[in-house]
Asker: 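Below is one structure. I have some questions about it.
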Amino acid sequence: MRVAIVTESFPPDINGVAHCTLQTADHLHRRGHHPLVIAPAGPPGGSPPGTAGGPPESQGEMDRSHPYPVVRIPSLPLPGYPQVRVALPSRKLAAAITSHGSDVVHLASPFVLGARGMTAALRLRIPAVAVYQTDLGSYARTYLGAGENAAWRRIRAVHTAADRTLAPSTAAARDLDEHGVPRIRLWPRGVDTERFHPSRRDPELRRSFAPGGELIVGYIGRLAPEKNVELLAPLSELPGIQVVVVGDGPSEPALRAAMPRARFLGRRTGNDLARVFASLDVFAHTGPQETFCQTVQEAQASGVPVIAPAAGGPLDLIDHGRTGLLVPPGDATEVTDAVSLLAADAKLRAALGHAGREAVEGRTWAAIGDQLIDHYTEVLSARTAVAA
């Protein structure tokens with residue numbers, strides 16, 4: 001099967017869309033299929049094409065650092081959030097899909113480049129599967145203070161044109177349905193249960209975080225307004241608690257000022273990130289706008305008890321009181337109280353961590369990737385039946 005994956009983000013970007021797209025393309029390649037990735041180019045002046053981990057030096061070039069073709073479309077930074085790149089209009093997208101001879105177009109979190117990918121799929125009469133992954137309506141409200149309805153109109157238009165929309169959680173599926181999107185199926189996310197594992201717990205790293213033996217509470221993710229990381233500020237001032245923050249983003253300066261006692265580690269990836277996860281005593285996620293929340297799964301795979309808002313994706317991932325704790329969204333006091341409960345009860349921490357690990361052991365990227373291939377096959381079969 002030849003699959004063109006049109007994505008709003010791809011490594012070296014570090015975010016949920018980029019990571020899921022990479023896992024999808026890698027899985028298709030391992031299964032003997034032929035993926036093509038079309039993604040925004042990184043900023044000019046990066047590593048040249050063919051160097052592992054870096055974007056092409058010139059925008060619009062072929063990135064040869066993967067075992068499948070990756071076409072980079074010229075892009076500009078999003079105003080106010082330069083880590084996010086927005087692809088410019090380009091004929092390269094349709095040309096790449098045509099040259100690839102794609103059987104199906106996979107739209108990863110479509111909005112700008114993905115909308116153009118949907119247009120190309122319609123023009124070329126290729127079936128499209130649209131993967132909903134980002135709550136762009138809430139992002140518009142958070143960053144612009146307006147535009148939520150306009151964002152949903154665009155989301156609805158793109159997803160309605162697709163043969164199938166895949167939602168990562170029941171909450172996301174409900175949002176899509178309420179906004180009039182048809183043909184919705186659930187498709188969750190996988191987790192690398194070998195990389196994220198309790199055996200990665202590192203006593204030396206723990207001593208460097210908390211030399212006084214404090215309870216280590218970590219947040220891992222983007223540092224952006226919608227993540228509400230500032231809810232950890234009261235917690236960071238409590239004796240016996242050490243807050244550790246991993247990630248970067250536009251909110252970092254304000255968060256450093258609000259939490260002077262917290263340890264900010266910047267970006268961590270790969271085995272280094274897995275070591276940090278497993279070395280925490282508690283993982284606290286604070287953002288209420290998650291359509292899935294991959295970091296919750298990674299913490300659970302690491303055997304770490306999880307606290308997260310009772311909203312969005314975490315509702316599917318956490319069985320309250322068994323595989324983690326859910327708290328009301330946006331409530332710093334509830335977050336602090338949940339951490340205090342776990343700080344006082346080592347047996348509860350161990351039980352939640354163990355149950356969380358058991359809950360995700362079957363959610364490998366290979367299993368999730370095979371589910372995706374089944375979705376492609378069903379969509380292709382439906383198109384064939386209609387044509388016949």
Asker: Test of understanding: clusters of I, L, V, M, F, W, Y form through side-chain heavy atoms closer than 4.5 Å, transitively. Do Leu231 and Val339 belong to the same one?
Answerer: no
Asker: Tell me whether Phe196 shares a hydrophobic cluster with Trp365, the cluster being built from Ile, Leu, Val, Met, Phe, Trp, Tyr side chains joined at under 4.5 Å.
Answerer: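 Different clusters.
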Asker: Taking Glu378 first and then Arg164, would you say they form a salt bridge - that is, a charged N and a carboxylate O separated by under 4.0 Å?
Answerer: yes
Asker: Within the structure provided, determine whether Leu341 and Leu325 are in side-chain contact (heavy-atom separation under 4.5 Å).
Answerer: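 Yes, close enough: below the 4.5 Å cut-off.
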Asker: Does His100 have its ring centroid less than 6.0 Å away from the ring centroid of Tyr68?
Answerer: no
Asker: Going from CD1 on Ile368 to NE2 on His27, what distance comes out if it is rounded to the nearest 0.5 angstrom?
Answerer: 10.0 Å
Asker: Below 4.5 Å, heavy atoms only, C-beta onward: do Pro198 and Arg357 meet side chain to side chain?
Answerer: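 The answer is yes, as the side chains (C-beta and beyond) meet within the 4.5 Å cut-off.
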Asker: Locate the shortest heavy-atom distance separating Val112 from Arg154; write the atom from each residue and the value.
Answerer: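 Answer, listing the atom of Val112 first, then Arg154: CA-NH2, 4.1 Å.
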Asker: Is a salt bridge present between Arg222 and Asp248, judged by a nitrogen-to-oxygen distance below 4.0 Å?
Answerer: no
Asker: Does Glu178 CD have over 12 foreign heavy atoms under 6.0 Å away?
Answerer: yes
Asker: Would you name the heavy atoms of Arg256 and Phe264 that are closest together and state the gap between them?
Answerer: NH2-CB, 3.3 Å
Asker: Is any side-chain heavy atom of Ile73 closer than 4.5 Å to one of Pro40?
Answerer: no
Asker: Quick check: Trp152 with His159 (ring centres under 6.0 Å apart)?
Answerer: no
Asker: What do the steps show when you test Leu232 against Tyr219 for side-chain contact (heavy atoms from CB on, under 4.5 Å), and what is the final call?
Answerer: CA-CA 9 Å; Leu232 300 180; Tyr219 167 85; 3.7 Å; yes
Asker: Of all residues at least two apart in sequence or in a different chain, which pass the side-chain hydrogen bond (donor to acceptor under 3.5 Å, both in side chains) check with Thr21?
Answerer: Thr7
Asker: Are the charged groups of Lys227 and Glu290 less than 4.0 angstrom apart, N to O?
Answerer: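 Looking at Glu290 together with Lys227, the answer is yes, because their closest N to O distance falls below 4.0 Å.
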Asker: Please determine if Arg183 and Asp163 form a salt bridge, counting it only when a charged side-chain N lies under 4.0 Å from a carboxylate O.
Answerer: no
Asker: Whether Asp272 and Arg275 form a salt bridge (side-chain N of Lys/Arg under 4.0 Å from carboxylate O of Asp/Glu) is what I want to check.
Answerer: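 Here Arg275 pairs with Asp272 in a salt bridge, since their nearest N and O are under 4.0 Å apart.
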Asker: Hey, could you give me the CD1/OG distance between Ile241 and Ser236, rounded to the nearest 0.5 Å?
Answerer: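 Nearest 0.5 Å value for the CD1-OG distance: 10.0 Å.
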Asker: Could you pull out all residues at least two apart from His354 that satisfy side-chain hydrogen bond (donor to acceptor under 3.5 Å, both in side chains)?
Answerer: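 His354: side-chain hydrogen bond (donor to acceptor under 3.5 Å, both in side chains) contacts with Glu358.
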Asker: Residues in salt bridge (Lys or Arg N to Asp or Glu O under 4.0 Å) with Arg201, at least two apart?
Answerer: Asp281
Asker: With a 4.5 Å cut-off on side-chain heavy atoms, are Ile155 and His179 touching?
Answerer: no
Asker: Is there a side-chain contact between Val379 and His375, using heavy atoms and a 4.5 Å cut-off?
Answerer: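 With C-beta onward as the side chain, the pair stays apart.
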Asker: Run the side-chain contact (heavy atoms from CB on, under 4.5 Å) test on Ser208 and Leu205 for me, step by step, so that the C-alpha distance in whole Å, both residues' side-chain angles and the decisive distance to 0.1 Å come before the verdict.
Answerer: CA-CA 5 Å; Ser208 73; Leu205 184 63; 3.8 Å; yes
Asker: What's the separation between atom CG in Leu186 and atom CD in Gln371, rounded to the nearest 0.5 Å?
Answerer: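 Leu186 CG to Gln371 CD: 10.0 Å, rounded to 0.5 Å.
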Asker: Look at the side-chain heavy atoms of Ile, Leu, Val, Met, Phe, Trp and Tyr, link any pair under 4.5 Å apart, and say whether Leu255 and Leu280 land in one connected group.
Answerer: no
Asker: Run Phe283 and Gln300 through side-chain contact (heavy atoms from CB on, under 4.5 Å) and show every step you take.
Answerer: CA-CA 9 Å; Phe283 174 74; Gln300 289 176 323; over 6 Å; no
Asker: Say you draw a straight line from CG of Leu113 to OG of Ser9; how long is it, rounded to the nearest 0.5 Å?
Answerer: 11.0 Å
